[in-house]
> 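The structure is given below, and queries will be raised subsequently.
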Amino acid sequence: MTKITIERLKDGRIGSFKISGHAFFSDAGTDIVCAGISAVSVGTVNALEAICRIDSELNTVIDEKKGFLKYQLPIDLNEDNIQKAQLILEAMIVSLQTIAASYGDYVTINE
């Protein structure tokens, strides 16, 4: 099962997210649940880098074999990039919740 953890700051903003484990919906290479989660999460990291100019290498830990991704939003963003980043991250949560709604036996989300 894939476990997704969203960590929010005291003010409700998203500070980080962690995705761990494989869904095991089907065999490696054909697992649409893992593929969907990967596409959404990696797409989010790429969007944060492209739109907010956040260096993903400094803020991301990935281990593909273990099915692990952790992303920490930097604390030194200007207000404009904070707003953009939060919108991107909230959109990621909606996309992951959509996957979880259809494949709840294979993915959980904790906030």
Side-chain angles (χ1 to χ4, degrees):
M1 174 174 282
T2 301
K3 296 179 182 179
I4 301 167
T5 304
I6 309 298
E7 296 175 359
R8 292 187 181 267
L9 304 173
K10 290 180 182 179
D11 63 5
R13 291 182 297 151
I14 299 165
S16 67
F17 67 90
K18 178 174 66 174
I19 300 172
S20 61
H22 292 286
F24 298 112
F25 176 75
S26 64
D27 294 333
T30 63
D31 191 326
I32 62 170
V33 177
C34 271
I37 292 168
S38 294
V40 169
S41 59
V42 172
T44 297
V45 171
N46 291 342
L48 289 165
E49 185 169 53
I51 295 168
C52 302
R53 306 285 184 233
I54 299 170
D55 186 349
S56 62
E57 287 188 27
L58 297 175
N59 301 292
T60 310
V61 176
I62 297 176
D63 184 333
E64 290 182 32
K65 289 184 181 183
K66 293 182 179 178
F68 181 84
L69 183 151
K70 178 159 176 65
Y71 184 87
Q72 179 74 45
L73 195 64
I75 59 171
D76 61 348
L77 295 178
N78 65 40
E79 189 60 34
D80 184 50
N81 282 337
I82 289 172
Q83 295 301 318
K84 290 177 187 176
Q86 290 303 305
L87 184 60
I88 292 166
L89 291 166
E90 293 291 353
M92 176 196 72
I93 293 171
V94 171
S95 295
L96 292 171
Q97 287 171 334
T98 302
I99 294 169
S102 295
Y103 300 98
D105 291 339
Y106 304 95
V107 59
T108 61
I109 302 174
N110 296 306
E111 285 194 60

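Throughout, residue positions are numbered sequentially from 1 according to the sequence presented. What you see is a predicted model, and the numbers here were worked out from it, not measured in a lab.
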> Take atom CG of D27 as the centre, draw a 6.0 Å sphere, and report whether it contains more than 12 heavy atoms from other residues, nucleotides or ligands.
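Atom CG in D27 is not crowded, with 12 or fewer foreign heavy atoms closer than 6.0 Å.
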
> Is L48 close to T44 at the side-chain level, that is, under 4.5 Å between some pair of heavy atoms?
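Touching, per the 4.5 Å side-chain cut-off.
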
> Using the rule given for side chain to side chain contact (heavy atoms under 4.5 Å, CB included), can you reason through I4 versus F17, listing the C-alpha separation, both sets of side-chain angles and the distance that settles it, and then say yes or no?
CA-CA 7 Å; I4 301 167; F17 67 90; 5.6 Å; no

> For I14 and E111, what are the C-alpha separation, side-chain angles and deciding distance, and is it a side chain to side chain contact (heavy atoms under 4.5 Å, CB included)?
CA-CA 10 Å; I14 299 165; E111 285 194 60; 6.0 Å; no

> Atom CG of N78 and atom CZ of R53: how far apart are they, to the nearest 0.5 Å?
12.0 Å

> Is the closest basic N to carboxylate O distance between D11 and R13 below 4.0 Å?
yes

> Between Y103 and F25, does the ring centre distance come in under 6.0 Å?
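Close enough - the centres of the two rings lie under 6.0 Å apart.
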
> For I75, I'd like to know if atom CD1 has over 12 heavy atoms of other residues, nucleotides or ligands within 6.0 Å.
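It does not: I75 CD1 has 12 such atoms or fewer within range.
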
> CD1/I32 to OG/S38 distance, rounded to the nearest 0.5 angstrom?
12.5 Å

> Quick one: which of I54, I88, L9, N81 gives a side chain to side chain contact (heavy atoms under 4.5 Å, CB included) with L73?
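That would be I54.
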
> Would you indicate whether the side-chain heavy atoms of L87 and Q83 approach each other to under 4.5 Å?
no

> Any idea which heavy atoms bring A23 and C34 closest together, and the distance?
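Minimum heavy-atom contact is N-SG, 3.2 Å.
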
> With side chain to side chain contact (heavy atoms under 4.5 Å, CB included) as the criterion, how do M92 and I6 come out once you've worked through the C-alpha distance, each side chain's angles and the decisive distance to 0.1 Å?
CA-CA 11 Å; M92 176 196 72; I6 309 298; 4.0 Å; yes

> Would you check if the side chain of S41 reaches a backbone N or O of I37 as a donor-acceptor pair within less than 3.5 Å?
yes

> Please tell me if the side chains of K70 and S16 come closer than 4.5 Å, counting only heavy atoms from C-beta onward.
yes

> Looking at E64 and H22, what are the two nearest heavy atoms and their distance?
O-CE1, 3.7 Å

> Would you find a donor on one side and an acceptor on the other, under 3.5 Å apart, between the side chain of D31 and the backbone of F24?
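Side chain of D31 to backbone of F24, a donor-acceptor pair under 3.5 Å: yes, one is there.
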
> Between E90 and R8, does any side-chain N to carboxylate O distance fall below 4.0 Å?
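Looking at E90 and R8, the cut-off is met.
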
> Are the side chains of F68 and I62 in touch, meaning some heavy atoms are under 4.5 Å apart?
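No - every pair of side-chain heavy atoms lies 4.5 Å or more apart.
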
> Regarding S56 and T60, is there a side-chain donor-to-acceptor distance under 3.5 Å anywhere?
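Checked: S56/T60 side chains show no N/O donor-acceptor pair below 3.5 Å.
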
> Which heavy atom in C52 sits nearest to a heavy atom in K84, and how many Å separate them?
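Closest approach of C52 to K84, heavy atoms only: SG-CB, 3.6 Å.
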
> If you take all heavy atoms of L77 and P74, which pair is closest and at what distance?
CG-O, 3.8 Å

> Taking the side chain as every heavy atom from C-beta outward, state whether V42 and L69 have any pair of such atoms under 4.5 Å apart.
yes

> What verdict does the side chain to side chain contact (heavy atoms under 4.5 Å, CB included) test give for E49 and D55, after you've listed the backbone C-alpha separation in whole Å, the side-chain angles of each residue and the deciding distance to 0.1 Å?
CA-CA 6 Å; E49 185 169 53; D55 186 349; 4.1 Å; yes

> With no hydrogens and no angle check, is any side-chain donor or acceptor of T108 less than 3.5 Å from a backbone partner on G104?
no

> Do you know the tightest heavy-atom contact between D105 and M1?
O-CE, 3.1 Å

